[in-house]
Structure formats: structure tokens, C-alpha cells
Amino acid sequence: PSRYESQKRRDWNTFVQYLRNHKPPLVLSRCSGAHVIEFLRYLDQFGKTKVHVPRCAFYGHPSPPGSCACPLRQAWGSLDALVGRLRAAYEESGGSPDTNPFAARAIGIFLHDVRESQAKARGIPYEKNKRKRAAAAAGQGHAGGKPSSSSSTALSGDSSDSGTGEVPGASLLGSFTS
């Protein structure tokens with residue numbers, strides 16, 4: 001099996017073991033998004049990413065000059081990838097996409113909040129997808145040196161109507177809705 005498949009199997013076995021050890025034990029059919037969030041918080045104790053608390057002197061500094069007693073947590077990217085693997089494993093194990101607890105809206109909101117709080121704590125600004133699209137639009141040929149109306153709107157920063165009907169941040173949450 002591929003590295004991804006092996007990791008997915010390990011992650012699935014870890015989650016199933018977590019459900020068995022839960023007090024009271026949980027069966028997969030009764031597992032909800034809240035249980036998944038509880039599992040993700042449980043995993044924080046094994047994290048390796050320093051996340052500064054607001055009262056820490058290094059809060060918001062991307063490269064702190066010293067050490068502190070702030071907790072280690074699971075990095076947002078690791079949690080996001082884990083949820084993706086578990087979401088796939090659930091369906092491969094016979095679970096219905098309609099009842100997949102890893103696809104619950106609450107999971108998307110939780111991951112969004114983790115991403116935002118870690119970005120603030122570590123002083124790492126996450127670029128919005130809109131900027132990437134604007135840069136791509138700017139690089140996609142301008143006929144006669146004149147930008148098209150859609151790229152000039154994107155470059156001017158006018159976000160009143162992107163034409164897509166999307167809410168900022170919805171791309172992250174949209175991938176986790178059922």
C-alpha cells in the first residue's frame with residue numbers, strides 16, 4: 001500500500017481505539033462531529049507545534065528569541081490532513097457520506113478556528129485564496145496590455161462582489177459540509 005493508504009489505516013485504527021477507550025465506550029454509528037472534535041483535542045497532547053497563549057511575551061512573533069512555557073499542540077495542517085484521511089476511511093469502512101462525522105460542519109468550523117488562532121499566536125498571516133486568484137488573473141495575458149474588467153476588479157481589491165457568490169473562508173468550510 002502507498003504511504004497515504006498506510007497512514008490512513010493507522011489513523012483509522014487510532015480513532016477506533018479512541019472510541020473503544022472512551023468513557024463510556026462509543027460505537028461508530030453513534031459518533032458525531034462533537035466526538036471527532038473531542039478526539040482532535042485529545043491529540044493535542046501529542047503535538048509538536050508551540051502555540052503561544054495571548055499573555056505570552058512571544059505571542060504573535062513568528063521567530064521568538066527565547067523559550068516559554070506555552071503548550072505544544074497539533075499543527076492546523078496536520079489536523080486538516082488527518083480529518084481528510086479519516087473522512088475517506090469512514091466511507092471506505094462502509095459508512096454513508098450522509099452520516100460521516102468527519103464531514104460535519106462543526107469540524108470545518110473547528111479547523112478554521114484552529115487555523116486562525118494558531119496564525120495569530122505564531123504571527124503567521126495566512127493569505128486568502130482571493131489574493132492568489134488575483135495574482136493568477138494578473139498573470140493570465142492582458143490583451144493589448146489592457147487588463148480585463150474581472151482582473152482589474154480583483155487587482156483593485158474591490159471585494160464587494162467577486163462574482164462567485166462565495167463567502168470569505170467558505171472554501172475551507174465548504175469542503176466539510178455534508
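Numbers here are sequence positions counted from 1. No experiment lies behind these values; they were computed from the predicted model shown.
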Taking Val51 as the starting point, is it possible to reach Leu82 by hopping between hydrophobic residues whose side chains are less than 4.5 Å apart?
no
Answer with yes or no whether the hydrophobic clustering places Leu72 together with Trp76; edges join I, L, V, M, F, W, Y residues whose side-chain heavy atoms lie under 4.5 Å apart.
no
Which value, rounded to the nearest 0.5 Å, describes the distance between Ser29 atom OG and Leu19 atom CG?
10.0 Å
So do His35 and Arg30 actually touch side chain to side chain, heavy atoms under 4.5 Å?
no
Contact summary for Ile37 and Ala106, nearest pair of heavy atoms
CD1-O, 3.7 Å
Heavy atoms of Gly66 and Phe58 approach each other most closely as O-CE1, 3.5 Å
Can you tell me how far CG of Asn100 sits from CD1 of Ile107, rounded to the nearest 0.5 angstrom?
9.5 Å
Would Gln17 and Asn21 count as a side-chain hydrogen bond (donor to acceptor under 3.5 Å, both in side chains) if you check the C-alpha gap in whole Å, the side-chain angles of each, and the deciding distance to 0.1 Å?
CA-CA 6 Å; Gln17 184 65 40; Asn21 292 337; 3.3 Å; yes
Test side-chain contact (heavy atoms from CB on, under 4.5 Å) on Phe110 and Val36 and set out the steps.
CA-CA 10 Å; Phe110 174 79; Val36 174; over 6 Å; no
Got Ser93 and Trp12 here, is their nearest side-chain heavy-atom distance under 4.5 Å?
yes
Min side-chain heavy-atom separation Leu79-Leu111 under 4.5 Å:
yes
Taking the ring centre of each residue, are Phe15 and Phe102 less than 6.0 Å apart?
yes
Closest contact, heavy atoms only, Tyr4 versus Gly84
OH-O, 4.4 Å
For the SG atom of Cys68 and the NZ atom of Lys50, what is their distance to the nearest 0.5 Å?
4.0 Å
Nearest-0.5 Å distance, CG of residue Leu43 to OG of residue Ser78:
10.0 Å
Pair Cys31, Leu26 - check side-chain contact (heavy atoms from CB on, under 4.5 Å), show working.
CA-CA 7 Å; Cys31 185; Leu26 289 168; 5.7 Å; no
4.5 Å side-chain heavy-atom contact, Leu40 and Val83
yes
ILVMFWY network linking Val27 to Val16, side-chain heavy atoms under 4.5 angstrom:
no
For side-chain contact (heavy atoms from CB on, under 4.5 Å), just list the numbers for Thr49 and Gln74, CA-CA rounded to whole Å, side-chain angles, deciding distance to a tenth of an Å, and then say yes or no.
CA-CA 6 Å; Thr49 300; Gln74 289 289 337; over 6 Å; no
Would the distance check show the side chain of His61 and the main-chain N or O of Ser63 forming a donor-acceptor pair, the cut-off being under 3.5 Å?
no
So, does Glu91 use its side chain to make a donor-acceptor pair with the main chain of Ala88 at under 3.5 Å?
no
Got more than 12 heavy atoms from elsewhere within 6.0 Å of NZ, Lys120?
no
Would you kindly confirm whether Val53 and Val114 end up in one hydrophobic cluster when ILVMFWY residues are joined by side chain heavy atoms under 4.5 Å apart?
no
For Cys56 and His52, work out which heavy atoms get closest and say how close.
SG-ND1, 3.6 Å
Measure the shortest side-chain to side-chain distance between Tyr90 and Thr99 over non-hydrogen atoms and say whether it is less than 4.5 angstrom.
yes
For residues 6-20, pull every pair meeting salt bridge (Lys or Arg N to Asp or Glu O under 4.0 Å), keeping only residues two or more places apart or in separate chains.
Glu5-Lys8, Lys8-Glu92, Asp11-Arg85
State, to 0.1 Å, how close Ala104 and Gly33 come at their nearest heavy-atom pair, and which atoms those are.
CB-CA, 4.1 Å
Interatomic distance, Arg122 atom CZ to Tyr59 atom OH [nearest 0.5 angstrom]:
12.5 Å
